[in-house]
Every structure is written in structure tokens, then in C-alpha cells.
Amino acid sequence: MSIVTRFAPSPTGFLHIGGARTALFNWLLARHHGGKFLLRIEDTDRERSTQEAVDAILDGLKWLEINWDGEPVFQFSRTRHHVELAESLVKEGKAYYCYCTAEELEAMRNEARSKGLSPKYNGMWRDRDHGDAPACVNPVIRLKAPLDGDTTLCDIVQGKITVSNKELDDMVLVRSDGTPTFMLSVVVDDHDMGITHVIRGDDHLTNTFRHIQIFNAFGWNIPQYGHIPLIHGPDGAKLSKRHGALGIDAYRDRGYLPEAVCNCLLRLGWSHGDDEIISREQALEWFTTENLGKSASRLDFSKLDNLNGHYMRIADNSRLLKNLIELIGENISEEKRLRLLRGMSGLKQRAKTMLELRDLATIYTNDFVPEKVNSETQNILETTLARLKSIEDWTEENLEKQLREFSSEKNISFGKIAQSLRNVLTGRKITPSIFDMLISFGKNESLSRINAVLV
RNA sequence: GUCCCCUUCGUCUAGUGGUCUAGGACGUCGCCCUCUCACGGCGAUAACAGGGAUUCGAAUUCCCUAGGGGACGCCA
């Protein structure tokens with residue numbers, strides 16, 4: 001049997017880090033087994049669903065290079081089908097109309113709570129005759145859930161979990177306005193889409209028992225479920241906007257590379273021995289549900305920084321340049337682009353994020369302003385300039401050779417020469433190596449910058 | 001309140017009864033490399049929530065306690 005997984009976000013907000021990880025895991029599971037990964041937009045809540053959120057989710061997935069098969073399924077478009085199936089359940093006696101008002105339901109819950117039970121529907125219309133129906137109340141359709149026995153979930157991650165059916169009530173399948181609920185829609189769509197495996201957040205665990213009851217009512221096969229623990233904020237509490245519950249776009253804006261974000265997410269709740277840096281190819285090869293963890297984790301930004309630094313270092317220079325120019329958002333002259341490209345290797349190993357890279361890169365993009373130097377530095381620069389002028393073979397290797405020779409000939413410490421050059425070329429004390437910069441600026445620009453200080 | 005789940009260094013985790021005086025990674029600290037800063041290298045720091053039980057032997061199995069989380073909607 002071929003594996004079909006899905007990611008089914010509701011477009012009521014951005015794609016956050018937890019959702020991205022869920023998508024990643026489902027994607028990896030499907031791709032690892034050569035199966036399909038589908039996308040379903042759960043937009044049945046018309047009040048809160050927005051097109052912006054749909055776009056944000058799609059963009060986020062694309063940025064992470066989590067590609068789905070076929071077109072996304074929009075759940076709302078399947079409303080009629082969902083309702084018809086619910087009605088067929090009523091005909092079969094597996095569901096029923098309930099005419100309870102909001103006040104009655106509230107009273108039921110309060111009563112249950114006061115008895116120390118979990119608040120739930122008491123089944124008052126379960127076996128009641130249609131004729132009793134109040135004329136002015138539009139009914140909902142409820143599932144006739146089993147009253148006795150228990151429902152068991154064999155979870156891929158959490159193991160076997162059994163819940164007494166007494167804990168579950170007759171859930172609403174179709175609302176009084178005639179629209180299907182999440183409970184119904186998820187089950188029908190998962191069935192129709194041929195979903196075989198569902199990896200989702202732990203917060204859905206208790207829903208799953210309800211889903212199983214609906215599957216059973218229809219007599220359909222139940223997919224394999226894997227409930228992964230939630231990601232917590234740095235303080236261990238539920239992830240909220242206060243901590244890392246940012247949209248995935250915020251990670252891009254903060255200068256993270258998608259492969260670093262994926263690697264980081266992958267290690268949150270999944271492991272492969274002692275491996276930390278895991279490429280996409282390796283992840284695809286190694287990912288199985290056996291290695292999913294059972295306990296909640298927190299997003300560690302210093303680890304993300306570290307991973308990002310790694311992926312920056314191994315990233316292709318021209319790709320980084322392209323990203324950098326987008327980030328700067330201004331026109332960069334051809335000359336400066338060339339400088340940046342030549343200097344990229346030296347810059348990228350000093351940056352943990354694209355934002356840091358952008359700051360470092362200003363040494364090559366800022367306009368040159370000559371700074372005053374003291375007479376000692378001036379003397380050093382004067383003689384150094386003469387020497388540099390004479391160098392025809394302007395390569396890193398040769399520059400190093402020549403300048404080191406020069407240093408011992410003149411009996412000037414190499415550190416002094418280097419710091420003087422660094423300062424005059426960039427106006428800064430912290431930069432990439434001077435050879436790196438001499439090459440990046442090129443001979444002409446380098447000499448003219450030194451000259452500008454001497455005049 | 002009820003039900004369910006979780007608990008190894010500060011953080012992410014390895015570990016599925018002996019190979020664990022518990023391994024790796026990030027962070028932190030120190031040293032080395034060195035033209036500054038990084039990178040890199042070496043080293044240090046630091047954990048099995050607590051208590052019982054099973055066993056010759058338990059981080060690993062079972063029970064209890066504590067702590068944390070999740071769910072209890074005509075939201076998804």
C-alpha cells in the first residue's frame with residue numbers, strides 16, 4: 001500500500017513554526033516512502049478564514065520547499081457532500097437531529113461540571129421523536145456515538161491509548177445553519193483523499209477518538225495517526241505570540257535560510273542518533289516515525305543561529321549575493337556587486353543570519369570616507385602603498401607572500417600593517433582578512449583608498 | 001473539575017535490562033590557531049523529577065507522588 005499524507009491547516013492565521021514542522025514531517029513521511037503528500041485548506045470557518053492566510057501558508061510551504069502533490073483541496077467547496085453524508089447517517093439511524101438551544105447546552109455542561117464529570121452533551125434528543133421538535137429551532141445533526149465500551153487509538157507516536165466511550169459525547173456533525181463541522185469534514189476528506197497516515201499536533205489527540213467514531217459510523221478504514229508533542233515557548237509554556245509563534249515569514253525576515261529552519265524543526269521531536277546537521281537528502285532517506293519523540297520541546301534560537309551559520313557557510317556565493325541584494329532592496333552598482341561576490345566567502349563565515357551578512361556587507365557597499373590617521377600609521381601606509389603598487393600578481397596568495405616579506409624587511413609587525421590597512425580600507429577594526437578585502441576591492445580601489453588618506 | 005499525554009545536562013536529544021563512573025549538539029567558560037573578528041581544533045561545565053516495586057543487575061519494566069502540557073464548542 002502506498003502512503004498518502006496530508007497537511008491540513010486552517011487559514012485563520014499565518015503558518016507558524018508548529019504547523020511548519022507538522023507539514024515537514026508529513027512531507028518527509030510521504031516522500032521517504034515514495035508516497036503522496038497532499039494539501040488541504042480547512043476553510044470551513046467562514047468568519048475567520050482569509051485569503052491572506054491562505055497565501056501566507058502557501059508561500060511559507062514554498063519557501064521551505066515543502067511541495068505538495070496536485071492542487072490544494074479547499075474544504076469549504078465540499079460542504080454539500082459532507083452534509084449529504086451526515087444526512088445519510090441520520091437515515092441509517094447513526095446520527096440524529098438535536099434541537100437544543102445554547103442555553104440548554106450551557107445548563108447541561110454546568111450540571112456535569114458540578115457533578116465532577118467532564119462537561120458534555122447529555123443526549124437528550126438522541127432517542128426523542130421528531131415530532132417533539134420545536135418549530136422555531138433549526139436542528140444540528142449529532143453522531144449517535146457508542147454509549148458503552150471504549151475507543152482505542154493505536155498511535156504511531158504515543159502508542160496504544162484507550163478512552164472510555166462515556167467520556168465522549170454525541171458530537172455535532174452539521175451545525176444549525178446547515179454547514180458541516182470540522183469533525184465531520186476532516187473525516188470525510190481524509191477518507192475521500194485516501195489519506196493513510198496523519199501526523200498532527202498533540203492537541204488533536206482527544207479529537208482523534210471522535211474521528212475514529214465517525215470513521216466507524218461510516219464503516220471506513222481509519223488512517224494511521226501519529227500525534228507529535230507541541231512546541232513550547234522558551235519558558236516552557238504554550239507557544240504564543242510572545243515567544244516564537246511567529247509566522248514562518250518572520251524567520252525569513254530575520255535572516256534565516258529555509259534549510260536551516262527545516263533542519264532545526266526536524267530535530268525538534270525527531271532524531272537520528274547523534275546526527276545534528278541533516279541535509280534534505282539525508283532527512284528523506286532517514287525519516288521514519290519510529291524516531292519521533294514523545295515529549296514537548298522548545299525552540300532554541302541559539303541553535304537555530306548556529307545551524308543557520310552553518311548553512312550560510314556552505315551556501316553558494318552567488319545565491320547568497322542574490323538574497324543579499326533582495327534584502328538590501330536598493331540598486332547596487334555592478335562594481336559593488338562584483339566586490340560583494342569576491343568578498344562573499346569572507347563575509348559569510350562571519351555571519352549567522354542574512355541580516356548579519358547585510359551589516360557586514362556594508363564594508364563593500366558603503367561610500368568611502370577617508371579617515372584621518374596618525375603620523376605613525378601614515379608612515380606605515382606610505383611605504384606599504386609603494387610596495388602594493390609594485391605588485392602585479394594581485395592574488396590572495398601573492399599578496400600574503402609579499403606583505404609578509406615586506407613586514408620583515410621593514411621590521412614592522414605584521415599586525416600593525418594589517419590593522420592600518422584594515423582601518424584605511426574600511427574605517428573599521430573588525431573585518432574579514434586584509435587579503436580577502438584587497439582582492440574584493442581590487443587593486444585600483446585599494447590603492448586609491450590608501451592614497452586618499454595620505455594626501 | 002474530568003479525561004488523556006509527557007518528564008535524561010540551561011536547551012535539543014542519544015539511550016529500548018548489563019557495553020552508562022549516561023554519549024552527541026547548541027549555549028557558557030578556558031586554551032590553541034591568528035592580521036582584527038569569525039571559522040576551525042582541544043578541553044571544561046552540566047542531566048536520568050522524587051519514592052517504592054520487579055530483577056543478580058534499571059535511565060531503560062511496573063506502581064504511586066509531584067511538576068508540566070493538552071483536550072473538554074453549533075473553532076479548527
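What you see is a predicted model, and the numbers here were worked out from it, not measured in a lab. Lettering of chains follows the sequences in order, A, B, ..., and the numbering in each one begins at 1.
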I'd like to know if [X] pairs up with [Y] as an ion pair, taking the criterion as any Lys NZ or Arg NE/NH1/NH2 lying under 4.0 Å from an Asp or Glu carboxylate oxygen.
{"X": "A/E259", "Y": "A/R319", "value": "yes"}
{"X": "A/D203", "Y": "A/R200", "value": "no"}
{"X": "A/E167", "Y": "A/K120", "value": "no"}
{"X": "A/R126", "Y": "A/D170", "value": "yes"}

On RNA chain B, compare the nucleotides closest to A/C98 and A/L268; which residue's is nearer the 5' end? A/L268
[X] side chain N/O closer than 4.0 Å to the phosphate oxygens (OP1, OP2) of [N]?
{"X": "A/S297", "N": "B/C12", "value": "no"}
{"X": "A/N207", "N": "B/A76", "value": "no"}
{"X": "A/K303", "N": "B/U13", "value": "no"}
{"X": "A/K120", "N": "B/C72", "value": "no"}
{"X": "A/R350", "N": "B/C39", "value": "no"}
{"X": "A/R428", "N": "B/C37", "value": "no"}
{"X": "A/R109", "N": "B/C74", "value": "yes"}
{"X": "A/R267", "N": "B/C26", "value": "no"}

Categorize [X] for me: base, sugar-phosphate, or nothing, with a 4.0 angstrom heavy-atom threshold over every strand shown.
{"X": "A/S271", "result": "sugar-phosphate"}
{"X": "A/P229", "result": "nothing"}
{"X": "A/D169", "result": "nothing"}

Any pair with a residue in residues 419-442 of chain A that passes salt bridge (Lys or Arg N to Asp or Glu O under 4.0 Å), sequence neighbours left out, goes on the list, sorted by first then second residue, please. none
Any strand: nucleotide that pairs with B/A58 via Watson-Crick or wobble, under 3.5 Å: none
Whole-Å P distance, B/G52 and B/A59: 14 Å
